[in-house]
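In what follows, a single structure is set out as structure tokens and then discussed.
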Amino acid sequence: MTDRSEPPAPLHVFLSDAAERALAGLRPGELDAVEKLVEGLAVFPRLGIPVPGGTDPEVDDYTARTDPASDTGDRISVVYRLHEGMSAIFVTWIIAGP
């Protein structure tokens with residue numbers, strides 16, 4: 001019998017109102033890139049770059065960038081908070097544009 005590690009259970013992902021509004025303004029390729037990134041973060045939440053200076057010891061702040069969008073080639077930044085105690089990621093900002 002081989003020892004196979006199972007991937008961790010995906011975390012719950014919540015979007016702020018600002019992140020929801022930003023999603024609505026993305027082009028299809030950009031939206032697809034953000035969705036793929038968020039799906040990956042739900043399983044591997046520490047893929048982003050840590051953002052120092054948080055005030056809550058139970059919450060870690062990160063920023064991550066998507067792969068280039070298929071239609072525009074742009075990369076989108078996703079700013080999120082990881083709360084392991086709640087098994088959740090809270091996407092606070094989605095930043096797109098020049």
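Just so it is clear, the model here is predicted, and its values are computed rather than measured.
- Residues Val38 and Phe44 fall within the same hydrophobic cluster, defined by Ile, Leu, Val, Met, Phe, Trp and Tyr side chains chained together at heavy-atom separations under 4.5 Å.
- At least one side-chain heavy atom of Asp71 sits less than 4.5 Å from a side-chain heavy atom of Pro28.
- The hydrophobic cluster containing Val43 also contains Leu47, counting ILVMFWY residues as joined when their side-chain heavy atoms lie under 4.5 angstrom apart, directly or transitively.
- Looking at every heavy atom in both residues, Ala64 comes nearest to Tyr80 through CB-CE2, 4.1 Å.
- Judged by distance alone, with hydrogens and angles left aside, the side-chain atoms of Thr66 form no donor-acceptor pair with the main-chain N or O of Val34 at under 3.5 Å.
- Here Arg65 contributes atom CZ and Ile95 contributes atom CD1; the two are 10.0 Å apart, rounded to the nearest 0.5 Å.
- For the atom pair CD of Glu58 and CG of Leu82, the computed distance is 11.5 Å after rounding to the nearest 0.5 Å.
- Separation of atoms CD1 (Ile94) and CZ (Arg21) is listed at 11.5 Å; rounding is to 0.5 Å.
- Counting all heavy atoms, side chain and backbone alike, Gly29 lies closest to Ser70 at CA-OG, 3.6 Å.
- Under the 4.5 Å side-chain heavy-atom criterion for grouping Ile, Leu, Val, Met, Phe, Trp and Tyr, Phe14 is not connected to Val91 through any hydrophobic cluster.
- Residue Ala96 comes nearest to Leu26 through the heavy atom pair CB-CD2, 3.7 Å, listed as atom of the first residue, atom of the second, then distance.
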Practice item. Check the pair Ile76, Leu37 against side chain to side chain contact (heavy atoms under 4.5 Å, CB included), reporting the backbone distance first and the verdict last. Key: CA-CA 10 Å; Ile76 312 299; Leu37 175 65; over 6 Å; no
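- Contact record, Phe90 with Ser16: CZ-CB, 3.6 Å, taken as the closest heavy-atom pair.
- For Ala69 against Ala33, the heavy-atom pair with the smallest separation is CA-CB, 4.4 Å.
- In summary, Asp32 and Lys36 engage in a salt bridge, as defined by a charged side-chain N under 4.0 Å from a carboxylate O.
- There is a path of hydrophobic side-chain contacts, each under 4.5 Å, that joins Leu31 to Val78.
- Nearest heavy atom pair, residue Gly48 against residue Leu41, reads N-CD2, 4.4 Å.
- Summarising the geometry, atom CZ belonging to Arg81 is positioned 11.5 Å from atom CE belonging to Met86; distances are rounded to the nearest 0.5 Å.
- The one candidate from Asp61, Leu15, Val79, Thr63 that meets the side chain to side chain contact (heavy atoms under 4.5 Å, CB included) condition with Thr92 is Val79.
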